[in-house]
Q: 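This is the structure I want to talk about, given as structure tokens.
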There are 2 protein chains.
Amino acid sequence: MTASGEAARRPPARRPTIKDIARRAGVSESAVSFALNGRPGVSDRTRTRIRRVAQELGWQANSAARALSGDRADCIGLVLARPARTLGVESFFLQLVSGIQEVFSAHRTALLLQVVPDLAAECALYRRWWAERRVDGVLVVNPRTEDPRPRLLGSLGLPAVVVGGLATPGPDSAPPPLPTVWADDAKAMARILDHLHGLGHRRIVHVAGLPELAHTARRIRSLRSEAARRGLDTRQVRSVTTDYSDAEGAEATRRLLDTAEPPTAIIYDNDVMAVAGASVAAERGIPVPRGLSIVAWDDSPLCRVTHPRLTALVRDTAAFGRLAAQELRAVLDGGPVRAVQGELPHLEERESTGAP
Amino acid sequence: MTASGEAARRPPARRPTIKDIARRAGVSESAVSFALNGRPGVSDRTRTRIRRVAQELGWQANSAARALSGDRADCIGLVLARPARTLGVESFFLQLVSGIQEVFSAHRTALLLQVVPDLAAECALYRRWWAERRVDGVLVVNPRTEDPRPRLLGSLGLPAVVVGGLATPGPDSAPPPLPTVWADDAKAMARILDHLHGLGHRRIVHVAGLPELAHTARRIRSLRSEAARRGLDTRQVRSVTTDYSDAEGAEATRRLLDTAEPPTAIIYDNDVMAVAGASVAAERGIPVPRGLSIVAWDDSPLCRVTHPRLTALVRDTAAFGRLAAQELRAVLDGGPVRAVQGELPHLEERESTGAP
DNA sequence: GGTACTCACTAAACCGCATTAGTAGCGGCA
DNA sequence: TGCCGCTACTAATGCGGTTTAGTGAGTACC
């Protein structure tokens with residue numbers, strides 16, 4: 001159903017160019033360019049006058065023209081390769097984007113965001129952006145254990161920063177390392193185990209996310225080594241993987257609770273699964289934390305609205321986004337390839353964890 | 001803490017231009033342009049040959065050059081004016097963005113996303129994008145009851161589509177109407193009231209979102225008129241407003257339950273507040289739905305992980321995004337200013353609603 | 001056989017800016 | 001007086017496309 005209206009399109013105001021400024025200030029276009037870009041070649045008096053005229057006209061450089069002559073796009077890209085199904089359950093991405101923006105908007109650099117169905121589409125998009133010179137660089141999220149992206153971006157020469165840990169290179173020879181910002185999942189996992197082990201838990205299961213993601217692998221590895229270090233039985237302290245959805249989180253919980261020796265504590269890799277797990281416990285009449293302790297990896301309002309409230313690993317995701325953005329800026333400025341570590345998350349102990 | 005590495009920057013492959021294609025195909029640059037854009041002026045034989053060469057070289061038009069000469073940016077913008085605090089609690093935006101992308105990526109048009117703190121910053125950004133010719137058009141979200149954006153965008157001549165209902169014009173004279181895609185909140189509210197009233201509820205409160213948003217006003221108005229139509233007491237069927245956060249949702253619920261005649265049903269304007277409300281009921285030992293029925297406006301995994309699961313108004317947000325994107329495309333193609341209606345949401349009846 | 005017309009293509013201008021290569025004017029200095 | 005070097009500018013070129021204005025060859029027509 002539509003209601004038509006008049007197009008009523010008044011001719012839009014013409015956007016001023018440096019030519020307009022030049023004419024109005026009585027100087028050449030080059031003088032204007034020098035003046036506005038802080039280049040030498042004009043007197044202070046003239047520079048001030050030109051700047052005032054530009055201000056009056058509300059001039060802003062045409063981004064296309066600037067990109068064409070300057071060989072920059074003043075734009076960076078972020079691709080989200082995700083099945084639509086799991087999109088937007090977590091607050092993670094908007095927070096991250098928000099942090100990224102904070103840094104780049106200060107540099108008049110825009111953020112191109114694209115959601116694609118899978119990794120192949122993501123790679124194709126990088127190729128296109130590169131060929132089109134759409135972006136000056138990209139932020140790569142969700143690094144995988146076998147990741148084709150570092151190799152591709154390296155060969156294209158498209159500056160990139162990997163967000164969330166080092167992507168493990170693919171099988172064929174050594175790809176160029178990409179600059180990275182990462183969180184210390186090992187220490188975070190150790191922190192959680194300290195907490196649970198200290199409370200007396202010996203049967204602890206980690207309901208992890210997608211197995212192909214690098215950070216999932218890191219967390220699983222870390223759980224195993226931390227368990228070993230504490231002399232815990234690795235059949236009773238282990239990880240299972242899911243697709244991050246509430247459905248699989250609940251399903252995994254049911255399966256775990258149905259075993260002969262069910263875990264006394266479960267660590268969920270995101271907030272949604274943790275809440276789903278708590279819900280399964282409630283459905284079975286298992287008291288939390290007495291019958292089952294629950295930890296959520298990543299805090300959110302969700303963790304605070306359940307009963308009991310969920311103990312959660314709190315990260316400042318926006319800060320992580322800022323860090324990633326700063327690193328990409330540094331790389332664009334010709335900085336070295338580095339691996340920068342984000343701040344260590346802390347465990348917010350709430351009522352969902354206690355002695356078994 | 002950082003670990004340095006070698007810059008190891010191999011000289012990136014040079015990106016091919018039409019000049020390269022022209023040289024290799026033995027024709028002029030104009031011929032290449034004609035051939036690749038489907039313009040007349042080259043024979044079919046030559047056209048095919050040029051296309052093959054372009055393919056071989058992996059050529060893609062430099063977006064800046066095309067934007068400069070074609071006076072388009074092949075890019076649309078979306079600004080999110082939100083305090084960082086309330087960012088990303090709802091799944092709404094990523095879903096919307098995902099739908100928008102689907103349409104625009106098919107047209108090789110990119111999406112520029114920016115998060116800003118407030119409306120003033122949003123307006124400033126529109127001005128800048130316009131002056132910089134960064135975008136061909138924008139999608140305006142969260143229309144307000146008194147909204148400066150239609151007037152601004154109209155005066156700039158920056159094509160725009162308002163997502164989520166007609167923005168009520170500001171006080172000073174009539175601003176140009178903007179094309180819109182909207183959801184019928186009135187019918188949706190009527191549907192919810194049908195359900196609750198049919199179950200026997202007479203004291204129904206609507207915990208709404210931010211009062212300055214146009215859709216909040218529409219829902220409040222609609223609740224009032226629907227209540228009147230059914231002869232319900234408007235002191236017992238009413239709305240209260242919040243900032244959408246779990247905290248205010250919980251707080252509002254507490255206040256409501258503390259009154260002499262507490263509501264027997266509450267309608268929450270988002271999923272997070274609904275879950276928070278359910279949590280407050282649990283904390284007070286009020287059984288849901290026997291002691292309190294709960295409806296969430298917008299479904300999400302959250303509504304399915306609580307106990308009992310929440311009755312929710314289900315909208316296909318990605319589809320709404322697609323619709324908005326299609327409308328903006330139409331406007332960019334010179335279509336008329338219209339108000340297009342999205343599909344009517346449906347009420348998913350779950351266990352959180354029942355007879356009082 | 002000359003003119004008109006079409007076809008397939010090339011040359012050149014242009015989009016708005018950055019940058020490089022001049023150039024005019026002037027003071028200093030031998 | 002002539003030359004140098006500096007300042008403050010202007011002219012011209014290029015970025016990579018699109019588009020307009022030619023241009024030469026071939027064909028149709030009288």
Side-chain angles (χ1 to χ4, degrees), chain A residues 12-51 53-54 57-75 108 128-134 136, chain B residues 12-51 53-54 57-75 108 128-134 136:
Chain A
R14 216 176 63 75
R15 280 166 276 212
T17 70
I18 50 169
K19 195 176 288 177
D20 298 314
I21 301 176
R23 191 166 26 232
R24 205 145 140 173
V27 294
S28 69
E29 295 174 42
S30 340
V32 175
S33 180
F34 293 151
L36 295 174
N37 291 302
R39 292 258 129 72
V42 282
S43 64
D44 283 351
R45 254 180 58 79
T46 312
R47 187 183 301 272
T48 314
R49 183 161 46 93
I50 290 175
R51 287 219 168 118
V53 173
L57 293 176
W59 178 88
Q60 298 274 43
N62 177 323
S63 59
R66 189 164 260 180
L68 188 55
S69 68
D71 215 19
R72 293 157 308 119
D74 281 333
C75 197
R108 318 212 115 206
R128 214 178 82 198
W129 278 353
W130 172 80
E132 292 181 344
R133 292 165 175 74
R134 271 269 189 198
D136 296 325
Chain B
R14 219 177 61 77
R15 281 166 276 212
T17 70
I18 49 168
K19 195 176 289 179
D20 299 315
I21 301 175
R23 190 167 26 232
R24 204 146 140 172
V27 293
S28 70
E29 295 172 42
S30 341
V32 175
S33 180
F34 293 149
L36 295 174
N37 291 301
R39 293 256 131 72
V42 282
S43 64
D44 284 350
R45 254 181 57 80
T46 312
R47 188 184 300 274
T48 316
R49 184 160 45 95
I50 290 174
R51 287 218 168 119
V53 172
L57 293 177
W59 179 88
Q60 298 274 43
N62 177 323
S63 58
R66 190 165 260 177
L68 188 55
S69 66
D71 216 19
R72 292 156 309 117
D74 283 334
C75 196
R108 319 211 114 207
R128 214 179 81 198
W129 277 353
W130 171 79
E132 291 182 346
R133 294 164 173 76
R134 269 270 189 198
D136 297 325

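So that the names make sense, note that chain A is the first sequence line, chain B the second, and so on, each numbered from 1.
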Q: Under 4.0 Å between a side-chain N/O of A:Trp59 and OP1 or OP2 of C:dC17, yes or no?
A: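 Looking at the OP1 and OP2 atoms of C:dC17, one of them is under 4.0 Å from a side-chain N or O of A:Trp59.
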
Q: Could you measure the distance from the CD atom of B:Gln60 to the CH2 atom of A:Trp129? Nearest 0.5 Å is fine.
A: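 Between B:Gln60 CD and A:Trp129 CH2, I get 13.5 Å after rounding to 0.5 Å.
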
Q: Listed in order of residue number, which residues of residues 32-40 of chain B have a non-hydrogen atom at under 4.0 Å from DNA chain C?
A: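 By residue number: B:Phe34.
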
Q: Taking B:Arg108 for the side chain and B:Asp74 for the main chain, is one N or O donor matched with an acceptor at less than 3.5 Å?
A: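 No, the answer is negative, given that no donor and acceptor are paired below the 3.5 Å cut-off.
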
Q: Mind calculating the distance between CG (B:Leu68) and P (C:dA13) to the nearest angstrom?
A: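 For the pair B:Leu68 CG and C:dA13 P, the rounded distance is 18 Å.
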
Q: From C:dT10, C:dC17, D:dG16, pick the nucleotide closest to the side chain of A:Ala65?
A: C:dC17

Q: Would you say the side-chain atoms of A:Arg47 pair up with the backbone N or O of A:Gly41, donor to acceptor, closer than 3.5 Å?
A: no

Q: I want to verify a distance call: between D:dT10, C:dA18, C:dC15, whose nearest atom is closest to the A:Ser69 side chain?
A: C:dA18

Q: Please state how far atom CZ in A:Arg66 lies from atom C1' in D:dG16, giving the value in whole angstrom units.
A: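 It is 18 Å, rounded to the nearest whole Å.
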
Q: Calculate the interatomic distance between B:Asn62 atom CG and C:dG16 atom P; express it in whole Å.
A: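 B:Asn62 atom CG is separated from C:dG16 atom P by 16 Å.
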
Q: Ignoring backbone atoms, establish whether B:Ser28 has a side-chain N or O less than 4.0 Å from OP1 or OP2 of C:dT10.
A: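 Checking C:dT10 against B:Ser28, a side-chain N or O does come within under 4.0 Å of OP1 or OP2.
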
Q: Please classify the nucleic acid contact of B:Gly70 as base, sugar-phosphate, or nothing, using heavy-atom distances under 4.0 Å.
A: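 No contact.
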
Q: To the nearest Å, give me how far apart CD1 (B:Ile21) and C1' (C:dC9) are.
A: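 Roughly 17 Å, once rounded to whole Å.
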
Q: Which nucleotide in the list C:dC9, C:dC17, D:dG16 gets nearest to the side chain of B:Val42?
A: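 In terms of side-chain proximity for B:Val42, the closest of C:dC9, C:dC17, D:dG16 is C:dC9.
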
Q: Any side-chain heavy-atom pair from B:Ile21 and B:Leu36 closer than 4.5 angstrom?
A: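 Touching, per the 4.5 Å side-chain cut-off.
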
Q: In whole Å, what is the span from the CG atom of B:Asp71 to the C1' atom of C:dG16?
A: 11 Å

Q: What integer distance in Å separates B:Asp20:CG from D:dG17:C1'?
A: 13 Å

Q: Are any side-chain N or O atoms of A:Arg133 and backbone N or O atoms of A:Ala73, one a donor and one an acceptor, separated by less than 3.5 Å?
A: no

Q: Among the candidates D:dT18, C:dC17, C:dC9, find the nucleotide nearest to the side-chain atoms of B:Ile18.
A: D:dT18

Q: Let me know the distance between CD of A:Gln60 and P of C:dG16, rounded to the nearest Å.
A: 16 Å

Q: Examine the base of D:dA11 for any acceptor or donor lying under 3.5 Å from a partner atom in the side chain of A:Ser30, and report the outcome as yes or no.
A: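 Yes, a donor-acceptor pair under 3.5 Å.
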
Q: Please pick, from D:dT10, D:dG16, C:dC17, the nucleotide with the shortest atom-to-atom distance to any side-chain atom of A:Glu29.
A: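 Of all the options, the side chain of A:Glu29 is nearest to C:dC17.
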
Q: Report yes if a side-chain nitrogen or oxygen of A:Thr46 is closer than 4.0 Å to either non-bridging phosphate oxygen (OP1 or OP2) of D:dC9; otherwise report no.
A: yes

Q: Mind checking the CZ-CD1 spacing from A:Arg45 to A:Ile50? Nearest 0.5 Å is all I need.
A: 11.5 Å

Q: Taking CZ from B:Arg72 and P from C:dC15, how many angstroms apart are they, rounded to a whole number?
A: 17 Å

Q: So how far is it from A:Leu68 CG to B:Arg66 CZ, rounded to the nearest 0.5 Å?
A: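 Going from the CG atom of A:Leu68 to the CZ atom of B:Arg66 covers 13.0 Å.
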
Q: May I have the step-by-step check of side-chain contact (heavy atoms from CB on, under 4.5 Å) for A:Asp20 and A:Trp59, ending in yes or no?
A: CA-CA 9 Å; A:Asp20 298 314; A:Trp59 178 88; over 6 Å; no

